[in-house]
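The structure under discussion appears below in the form of C-alpha cells.
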Amino acid sequence: MRVANPALISVVDDDESVRESLDGLFRSVGFRVKVFPSAEAFLKLDNLSDIDCLILDVRMPGMDGLELQRRLIASHHKIPIIFITAHESDREVRARALRNGAVDFLGKPLTEDVLLRAVRAAIGQKSEGN
C-alpha cells in the first residue's frame with residue numbers, strides 16, 4: 001500500500017544494520033525516511049516538527065533514548081515516539097517511556113507487521129493532535 005502524502009519517519013539507532021533495515025522497510029511502503037546513528041545527530045535537524053514519527057532505540061552510547069525523549073518534551077516538540085529495544089524485559093524503562101508519552105515500546109527483533117501497525121497508529125495520533 002502506497003501512502004498518498006508520505007509521512008516522514010526518523011530512525012535513531014546506533015546499530016547500522018537496524019537503521020538500514022528500517023530505512024528499507026519504511027521506503028518500501030512509501031514513507032520518507034531519515035536515519036541517525038545517535039540522539040545527538042538527530043537533535044541537529046533544522047525542523048523537528050516535520051517528523052511524523054520517531055523510531056528510537058532505548059540504549060545508545062552518549063545520550064540514550066529516554067534522555068532524547070525528555071529533551072523533546074522540554075522543548076515542546078510533540079513527535080510520536082516508538083521505542084525499540086533489545087532489552088524489552090526492563091519494565092521500569094518501559095513504564096517510564098510510556099508514562100512520558102511514548103506511543104509504543106517494542107522489543108527487537110521486530111516483525112514488520114507489528115512495527116508498521118505501530119507507526120501508522122503514531123502517525124494517526126499526530127494527525128489528530130494537529
Side-chain angles (χ1 to χ4, degrees):
M1 173 175 107
R2 284 288 197 205
V3 179
N5 186 11
L8 176 58
I9 312 299
S10 285
V11 176
V12 180
D13 196 304
D14 60 312
D15 184 330
E16 184 177 2
S17 65
V18 170
R19 290 191 310 270
E20 289 176 356
S21 173
L22 295 181
D23 181 72
L25 170 64
F26 294 138
R27 287 181 192 283
S28 76
V29 296
F31 292 122
R32 295 176 297 137
V33 185
K34 289 187 179 181
V35 297
F36 303 89
S38 69
E40 293 86 355
F42 173 78
L43 285 173
K44 291 178 183 175
L45 256 181
D46 288 334
N47 199 352
L48 294 173
S49 63
D50 288 347
I51 298 166
D52 296 298
C53 182
L54 174 59
I55 309 299
L56 182 55
D57 191 9
V58 174
R59 296 184 183 176
M60 297 178 286
M63 185 188 313
D64 69 13
L66 293 172
E67 177 60 25
L68 176 55
Q69 181 187 37
R70 282 189 289 275
R71 289 187 187 200
L72 291 171
I73 291 167
S75 60
H76 305 288
H77 290 289
K78 297 185 184 218
I79 303 169
I81 297 173
I82 298 170
F83 278 99
I84 58 175
T85 183
H87 308 279
E88 188 181 19
S89 62
D90 191 339
R91 289 188 178 146
E92 175 52 34
V93 170
R94 181 182 200 284
R96 193 169 15 160
L98 294 172
R99 187 171 50 245
N100 289 332
V103 175
D104 216 332
F105 193 94
L106 304 173
K108 295 177 188 174
L110 302 162
T111 66
E112 291 180 0
D113 289 342
V114 168
L115 181 57
L116 288 172
R117 197 170 21 251
V119 166
R120 289 184 177 113
I123 291 168
Q125 177 180 320
K126 183 174 183 186
S127 296
E128 292 168 6
N130 290 339

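Keep in mind that the numbers below use all heavy atoms, side chains included, and drop hydrogens, waters and symmetry copies.
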Would you say the side chain of [Y] lies within less than 4.5 Å of the side chain of [X], judging by non-hydrogen atoms?
X      : Y      : answer
Asp15  : Arg19  : no
Pro80  : Asp52  : no
Leu48  : Ile79  : yes
Asp23  : Val11  : no
Ile55  : Cys53  : yes
Leu115 : Leu106 : yes
Asp57  : Lys108 : yes
Leu54  : Leu72  : yes

(request) Might you point out which heavy atoms bring Ala102 and Gln69 nearest each other, and give the distance in Å? (result)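 So the two residues come closest at N-NE2, 3.5 Å.
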(message) Using a strict threshold of under 4.0 Å (side-chain N to carboxylate O), is an ion pair present between Glu92 and Arg99?
(response)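 Yes, Arg99 and Glu92 are salt-bridged.
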(message) Please report the interatomic distance CZ(Phe105) to CZ(Arg96), rounded to the nearest 0.5 Å.
(response) 9.5 Å
(message) Holding to salt bridge (Lys or Arg N to Asp or Glu O under 4.0 Å), I want the full list of residues that pass it with Glu67, two or more places apart in sequence or in another chain.
(response)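 Scan of Glu67 (salt bridge (Lys or Arg N to Asp or Glu O under 4.0 Å), adjacent residues dropped) gives Arg70, Arg71.
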(message) Would the distance check show the side chain of Ser21 and the main-chain N or O of Val18 forming a donor-acceptor pair, the cut-off being under 3.5 Å?
(response)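 No; zero donor-acceptor contacts below 3.5 Å.
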(request) Write out all pairs satisfying ring-ring contact (aromatic ring centres under 6.0 Å, His included) with one or both partners inside residues 49-83, taking only residues at least two apart or from two chains. (result) none
(request) Could you note down all residue pairs passing ring-ring contact (aromatic ring centres under 6.0 Å, His included) where residues 37-58 supplies at least one of them, sequence neighbours left out? (result) Phe36-Phe42
(message) Testing the 3.5 Å rule here: is there a donor-acceptor pair between the side chains of Thr111 and Asp113?
(response)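 Per modelled atom types, Thr111 and Asp113 side chains form no pair under 3.5 Å.
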